[in-house]
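To keep things clear, I will list the structure first and then write my remarks on it.
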Amino acid sequence: MVPQSGGGLDARLAAAFGHAARLAPHAPALLVGMDTPQVGAATLAEPLSPVRRAGADAWYGPAADGGFWALGLARPTEDLARRLLLGVPMSTPDTGQMLLDRLAAAGLVVRRLPEATDVDTVEDARLVAAQAPDSRFAARLHSFPVTPEVAG
């Protein structure tokens with residue numbers, strides 16, 4: 001783990017790839033959003049297996065709301081990550097498509113990961129808890145008292 005840098009989410013993600021490149025210069029890096037608690041090792045094992053990694057330059061995990069929950073680079077550098085991410089508006093319905101356009105413009109071979117719902121609202125939280133009913137996330141969500149304004 002490394003401290004998060006300053007700036008907007010686009011700059012912080014780019015800096016995280018820079019940290020990864022400095023810590024493990026020849027290793028791929030995958031950033032996964034912390035708001036996708038239903039994503040586990042099993043979700044990533046097959047698409048990131050050595051056989052499936054061959055020939056890939058990047059991995060993209062689309063979010064149901066038009067954003068993305070994961071971005072991976074086979075040969076990460078902070079410069080590449082900055083070219084891909086800086087200026088991409090985050091948390092919009094077009095965020096994912098803008099990132100995909102930049103990945104394509106950079107000439108990268110992109111492999112898609114499964115679509116996932118990221119938790120931005122109470123409704124999202126309920127959906128994710130239903131998708132992973134045995135998770136700590138679901139248990140914690142169900143431990144909150146239901147009030148009329150939360151009940152939706």
Side-chain angles (χ1 to χ4, degrees), residues 1-24 27-53 56-74 76-78 80-82 84-103 108 110-152:
M1 293 172 90
V2 295
Q4 195 173 122
S5 69
L9 182 56
D10 57 342
R12 295 192 315 263
L13 292 173
F17 279 112
H19 284 301
R22 285 187 293 281
L23 292 171
L30 178 74
L31 299 181
V32 176
M34 62 184 277
D35 57 353
T36 51
Q38 76 279 31
V39 173
T43 305
L44 299 172
E46 194 272 329
L48 297 178
S49 68
V51 169
R52 294 283 310 275
R53 279 198 325 254
D57 298 312
W59 296 269
Y60 169 80
D65 64 3
F68 63 97
W69 63 269
L71 176 63
L73 297 173
T77 66
E78 189 165 359
L80 173 60
R82 291 175 67 80
L84 294 172
L85 292 160
L86 289 186
V88 172
M90 297 291 152
S91 301
T92 74
D94 300 323
T95 298
Q97 188 58 55
M98 291 178 75
L99 178 57
L100 282 171
D101 292 346
R102 289 202 182 179
L103 289 161
L108 300 179
V110 179
R111 301 272 167 75
R112 284 186 172 242
L113 300 170
E115 182 176 284
T117 298
D118 55 353
V119 178
D120 295 324
T121 67
V122 171
E123 293 79 20
D124 295 337
R126 290 186 185 122
L127 177 63
V128 168
Q131 292 171 347
D134 297 326
S135 67
R136 290 186 320 182
F137 178 81
R140 184 70 178 131
L141 181 68
H142 296 310
S143 74
F144 292 118
V146 177
T147 63
E149 54 279 350
V150 174

Here the pair of heavy atoms bringing Gly87 nearest to Asp10 is N-OD2, 2.9 Å
Counting C-beta onward and ignoring hydrogens, is there a side-chain heavy-atom pair between Asp65 and Asp120 closer than 4.5 Å?
yes
May I have the step-by-step check of side chain to side chain contact (heavy atoms under 4.5 Å, CB included) for Val119 and Phe137, ending in yes or no?
CA-CA 11 Å; Val119 178; Phe137 178 81; 4.0 Å; yes
Please round to the nearest 0.5 Å and tell me the distance separating atom CG of Leu30 and atom CZ of Phe17.
7.0 Å
For Gln131 and Thr117, work out which heavy atoms get closest and say how close.
NE2-OG1, 4.1 Å
Pro89 vs Asp94 side-chain heavy atoms within contact, under 4.5 Å
no
Is a side-chain N or O of Arg82 found less than 3.5 angstrom from the main chain of Ala11, in a donor-acceptor match?
no
Separation between CZ (Phe68) and CD (Gln97), nearest 0.5 Å, reads 13.0 Å
Flag the pair Met90 / Leu85 as yes when at least one side-chain heavy-atom distance between them is below 4.5 Å, and no otherwise.
yes
All heavy atoms of Ala81 vs all of Leu73, minimum pair found to be CB-CD1, 4.4 Å
Could you tell me the separation between the CG atom of Leu108 and the CG atom of Leu100, rounded to the nearest 0.5 Å?
11.0 Å
Find the distance between CE (Met98) and CG (Leu103) and round it off to the nearest 0.5 Å.
12.5 Å
Heavy-atom closest pair, residues His142 and Ala129:
NE2-CB, 4.2 Å
Stepwise side chain to side chain contact (heavy atoms under 4.5 Å, CB included) check, Leu13 with Leu71
CA-CA 9 Å; Leu13 292 173; Leu71 176 63; over 6 Å; no
Taken to the nearest 0.5 Å, the spacing of Leu113 CG from Trp69 CH2 works out to 5.0 Å
Ignoring hydrogens and angles, tell me if any N or O in the side chain of Asp35 forms a donor-acceptor pair with the backbone of Asp118 under 3.5 Å.
no
Results of side-chain contact (heavy atoms from CB on, under 4.5 Å) for Glu46 - residues two or more places apart only
Arg52
Please round to the nearest 0.5 Å and tell me the distance separating atom CD of Gln4 and atom NE2 of His19.
9.5 Å
Would you find a donor on one side and an acceptor on the other, under 3.5 Å apart, between the side chain of Arg126 and the backbone of Leu141?
no
Just by distance, do the side chain of Asp124 and the backbone of Thr121 share a donor-acceptor pair under 3.5 Å?
yes
4.5 Å side-chain heavy-atom contact, Thr43 and Gln38:
no
Would you check if Arg111 and Pro47 make a side-chain contact, meaning some heavy-atom pair closer than 4.5 Å?
no
Does Arg53 use its side chain to pair, donor to acceptor, with the backbone of Leu48 at less than 3.5 Å?
yes
Heavy-atom closest pair (Pro62 atom, Arg112 atom, distance to 0.1 Å) is CG-NH1, 4.0 Å
Minimum heavy-atom separation for Arg22 to Ala15, with atom names?
NH2-O, 4.5 Å
